[in-house]
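To find a chain, count down the sequence lines: A is the first, B the second, and so on, and within it residues start at 1. The model shown is predicted, which means the values in this text are computed figures rather than measured ones. No hydrogens, no waters, no symmetry mates; every other heavy atom, side chains included, goes into these values.
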There are 2 protein chains.
Amino acid sequence: MVLPVNEARDRALDAAEQLIYARGVHAVGMDDVRELSGVSLKRLYALFPGKEALVEAVLERRDGRWRQRLADFVTRVGDRDERLLAVFDWLAEWFAEPDFRGCAWINVFGELGSTSPAVLAQVRGHKRRFAEQLAGWVADAHRPAELAPQLLLLAEGAMVTAGIHGGPGPAHEARRAAAALLSR
Amino acid sequence: MVLPVNEARDRALDAAEQLIYARGVHAVGMDDVRELSGVSLKRLYALFPGKEALVEAVLERRDGRWRQRLADFVTRVGDRDERLLAVFDWLAEWFAEPDFRGCAWINVFGELGSTSPAVLAQVRGHKRRFAEQLAGWVADAHRPAELAPQLLLLAEGAMVTAGIHGGPGPAHEARRAAAALLSR
DNA sequence: TAGAGTAGAGAACCGTGGTTCTCCCCGTCA
DNA sequence: TGACGGGGAGAACCACGGTTCTCTACTCTA
């Protein structure tokens, strides 16, 4: 039986995402992706021009999913002020997942940011879109626009700190700080 | 003329630090370090057991210097509350340096955090000591202890955002947020 | 059923990089 | 002055990983 193109592509992206998130880009070989995905090297190179394009595709798909998950969680909250705090509740849940290893984009930037323009564009695009999401919710709450970048810094700080030390603690700290900024 | 051990070690660390900060660990070869430092491979391997130990030594020395520079800047400010804000002024100066490429420890963590215990220990140690520095200044200002981790998140968020997008803007945002937290 | 084309397994190719080794120079000291 | 030993230049060694190629099997179709 022959795997349809879309399914082979999905399997390849699944495997690559899992491995790269766990170990970093350069620690994952195309052969590792082949082994985990069951998609042959030949097909991998038919689906993606090379490893860099695979990494790019992984980041792009993850961006859509990540922001969708966040948005689903946040917009389930009715109160517009509470939504802003719910961002940090969602971060806390994420940080507590057993295979959490920090923010994939921050990690990839640390590894490749200065050497791969394509990956750098993915990272900047993701962070910009996340900032826009936040800014939208700040506007919905009729809060001053300058609040959004401040909440963004708290979220980014929480992601990086949780990545390095582990655990949801930084999300709780960030939530407290965000509440303080909201209560002024 | 024969280079004394300490000077050879310094030159090797200087070169390795510069290259690794600019390009990331895996993009720098021992031969690049040899070329820039003028220290032969033989001597590099006499000074350090291997590349990982060199990276470790680079991070350790940079930790001392980085926190010293920060402390010098901050403690020059008389007012204890202003000191807390001065942290972000210093970050702004750092971010504006032409070769700024984000926080070296965050970057290295993204690249090696999950694969090198020695490097991970350096990263955690640095971040812990930075947090302790901040906590000390918060205590000096007779501010509640829970303020320190919140300022830490702002600082980390600023470092990561400035690394990705460039420029001192995130430090200014973080300073405003910190001032808001202080004015409650 | 025969032929064609596609896909997989796995070897092969090629560059790179960490680490070690060889060869030679030069300063030192008996 | 001659043996010695540290140090440098650069080759060599070895493993790894991205990419391509070969060979074979299988499926689909005429």
Measure from CZ on Arg34(B) to C1' on dG8(D) and round the result to the nearest Å.
10 Å
State yes or no: do Val77(A) and Val87(A) share one hydrophobic cluster built from I, L, V, M, F, W and Y residues joined by side-chain heavy-atom distances below 4.5 Å, directly or via other members?
no
So which atom in Ala171(A) and which in Phe88(A) form the shortest heavy-atom distance, rounded to 0.1 Å?
CB-O, 3.6 Å
Same apolar cluster (I L V M F W Y, side chains within < 4.5 Å links), Leu41(A)/Val39(A)
yes
If the test is side-chain contact (heavy atoms from CB on, under 4.5 Å), which one of Lys127(A), Arg62(A), Glu60(A) qualifies with Gln122(A)?
Glu60(A)
Just checking, is any N or O donor in the side chain of Gln68(B) or Asp72(B) under 3.5 Å from an acceptor N or O on the other one?
yes
Are Arg124(A) and Trp105(A) in a cation-pi contact, defined as NZ or CZ under 6.0 Å from the six-membered ring centre and within 45° of the axis?
no
Is Trp66(B) reachable from Ile164(A) through a run of I, L, V, M, F, W or Y residues, each pair having side-chain heavy atoms under 4.5 Å apart?
yes
Between protein and nucleotides 11-20 of chain C, map the contacts as a letter string: B base, S sugar-phosphate only, - none, heavy atoms under 4.0 Å, written 5' to 3'.
-------SBB
Do Arg143(B) side-chain atoms and Leu182(B) backbone N/O form a donor-acceptor pair below 3.5 Å?
yes
Could you give the CD-to-C1' distance, from Glu35(B) to dG8(D), as a whole number of Å?
15 Å
Rounded to the nearest Å, what distance is computed from the CG atom of residue Leu44(B) to the C1' atom of nucleotide dG7(D)?
13 Å
How is the base pairing of DNA chain D summarised as a dot-bracket string, given the Watson-Crick and G-U wobble criteria with both distances under 3.5 Å, [ ] for crossing and | for another strand?
||||||||||||||||||||||||||||||
